[in-house]
Amino acid sequence: MDAYDKGSNARPVPGEPAAAVPDSLPPEGHETADDRETSDSPEQKPSGEAPARIPQQYGDQQRDDLQYDRQDDQQYVDAALAGPPVPPPTGIAALSLPYQIAAALALAVVAVAACVHVGMVFLHVAPSNTVTKQHGQAIDEWIYPEFEQNWKLFAPNPLQQNIAVQVRADVRAADGEIRTTRWYDLSALDGAAIDGNLLPSHTQQNELRRAWDFFVATHDNANRPNGLRGSLSEKYLRRIVVLRLDREQAGGRGAVVQQVQVRSRTTNVPPPKWSQEQVSDKPIVRVLPWWPVSEADRAAGTRPAESTGTEAAAR
């Protein structure tokens, strides 16, 4: 038996190469009969030696990673089923319940008011019908004067004139003398009150203009009234001018207005430079007859006869 025999206890001779591993060894992963006998007979192992154990740290880490992967997959599935995150409520939904109720009631009131207003305007501009005949006064009270509909803006030839309403009066002074005042340009006074005023009153803007339009629409060119509305327009215009004269303190201290005379001065608005339209620049004056002032006219807002005042400043 030489040194290359399996199971030999021969030692290599000094100076000779070491014994090579025989080619007859089984490949890795295959066990021989001796290995099976050794593994099947634990009692043959020397006493005091524990059986060999393969380290499991790599296997444990793989199981932990697999567990973590399963948890991540479950979370991803849950997130996919739940959908995108719900945004926080905004607007009325963000308010508490009492405030939501109050906001809903306010919106309901505004919606009802808007519907009523639209309906009133529609009935006002619509042709005469059963509803307007039965409830015409209520419709007019809702519309006038703030929501009046004026279609002159859409007319083919809108108003292109400046109309100034002027008035003078015969007053009885404190000494009993009757004298005539100068002409007061009431339209110019309203214009001065509106100029530079961010919130001009409706009276300053429309009272005198509407009164004059009412008078012209109910009178002919000879200043004769057309029916009862003509007489009403005269009374309305007369009381307005008497009130304005009293405000301007016409006639001085203790003076009382006896009669008034109204006139209008109409001038055309000059056309723009690029226009070829030719208009006259001469004013048209319309003078009304003298109207006596009654106690009812003074009671409508003027000062009583015994009141005092100061002389009006000339303008």
Side-chain angles (χ1 to χ4, degrees), residues 92 99-161 163 165 167 186-187 190-191 193-194 197-244 246-247 260 262 264 266 286 288 291 293-302:
I92 298 179
Y99 287 101
Q100 290 183 2
I101 296 175
L105 291 177
L107 291 177
V109 171
V110 172
V112 171
C115 293
V116 171
H117 177 70
V118 172
M120 288 293 189
V121 173
F122 172 77
L123 293 175
H124 175 69
V125 301
S128 179
N129 52 67
T130 304
V131 177
T132 56
K133 291 178 180 179
Q134 294 181 355
H135 306 285
Q137 183 177 359
I139 295 173
D140 291 341
E141 291 178 354
W142 180 275
I143 295 297
Y144 293 107
E146 287 81 4
F147 307 116
E148 178 189 4
Q149 303 299 308
N150 189 342
W151 301 106
K152 290 183 180 180
L153 178 63
F154 306 99
N157 187 20
L159 187 62
Q160 299 178 1
Q161 294 175 332
I163 302 175
V165 179
V167 62
L186 303 182
S187 299
D190 286 346
I194 295 173
N197 189 353
L198 296 178
L199 298 174
S201 67
H202 183 75
T203 301
Q204 294 170 337
Q205 298 179 80
N206 298 318
E207 182 185 51
L208 182 62
R209 178 184 61 84
R210 290 290 310 278
W212 182 253
D213 290 343
F214 185 24
F215 177 86
V216 173
T218 55
H219 286 73
D220 57 17
N221 294 331
N223 299 323
R224 291 189 300 264
N226 299 324
L228 296 178
R229 287 176 59 85
S231 300
L232 179 62
S233 65
E234 288 182 8
K235 183 183 298 184
Y236 182 50
L237 181 60
R238 182 171 63 251
R239 291 187 177 183
I240 289 177
V241 298
V242 170
L243 178 62
R244 297 293 183 90
D246 181 74
R247 185 184 301 170
V260 295
V262 181
S264 67
T266 304
R286 180 174 181 174
L288 306 184
W291 290 335
V293 177
S294 63
E295 293 297 330
D297 296 330
R298 297 188 182 95
T302 61

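Atom set for the values below is all heavy atoms of this structure, side chains included, hydrogens, waters and symmetry mates excluded.
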ask   = Within a radius of less than 6.0 Å around CD of Gln137, do more than 12 heavy atoms belonging to other residues, nucleotides or ligands occur?
value = no
ask   = Is a side-chain donor or acceptor of Asn226 paired with a backbone partner of Gly230 at a separation under 3.5 angstrom?
value = no
note = Between the CD1 atom in Ile240 and the CH2 atom in Trp212, the distance rounded to the nearest 0.5 Å is 12.0 Å
query = Rounded to the nearest 0.5 Å, how far apart are CG of Leu186 and CZ of Arg209?
reply = 15.0 Å
query = Once you round to the nearest 0.5 Å, how far does CG of Asp213 lie from CD1 of Ile163?
reply = 6.5 Å
query = To the nearest 0.5 Å, what is the distance between OG (Ser294) and CZ (Arg239)?
reply = 6.5 Å
ask   = Side chains of Leu237 and Trp291: does their closest heavy-atom pair fall under 4.5 Å?
value = yes
ask   = What heavy-atom pair brings Ser231 and Pro225 nearest, and what distance separates the two atoms?
value = N-CB, 4.1 Å
query = Counting only heavy atoms not in Asp220, do more than 12 fall under 6.0 Å of its CG?
reply = yes
query = Is the closest side-chain heavy-atom distance between Phe215 and Arg238 below 4.5 Å?
reply = no
Donor-acceptor pairs under 3.5 Å, side chain of residues 99-125 to any protein atom, not counting sequence neighbours: which ones?
from	atom 1	to	atom 2	distance (Å)
Gln100	NE2	Ile92	O	3.2
Gln100	NE2	Ala93	O	3.2
Gln100	NE2	Leu95	O	2.8
His117	ND1	Trp142	NE1	3.2

request  = Taking Thr132 for its side chain and Ser128 for its backbone only, find out whether a donor-acceptor pair lies under 3.5 Å.
outcome  = no
task = Answer whether the closest heavy-atom distance between the side chains of Arg244 and Val167 falls below 4.5 Å.
result = no
Side-chain H-bond candidate by donor/acceptor type, His202 with Asn206, under 3.5 Å = yes
request  = List in chain and number order the residues that pass side chain to side chain contact (heavy atoms under 4.5 Å, CB included) with Ile194, two or more places apart in sequence or in another chain; answer none if no residue qualifies.
outcome  = Pro200, Gln204, Gln205
message = Once rounded to the nearest 0.5 Å, what's the spacing between atom CD of Gln134 and atom CD1 of Ile139?
response = 10.5 Å
message = Suppose the criterion is side chain to side chain donor-acceptor pair (under 3.5 Å): which pairs have a residue in residues 102-112, not counting sequence neighbours?
response = none
Minimum side-chain heavy-atom gap Val216-Arg286 below 4.5 Å = yes
task = Any chance you could measure Arg229, atom CZ, to Tyr236, atom OH, to the nearest 0.5 Å?
result = 12.5 Å
ask   = With a 3.5 Å cut-off and no angle check, do the side chains of Ser187 and Asp190 form a donor-acceptor pair?
value = no
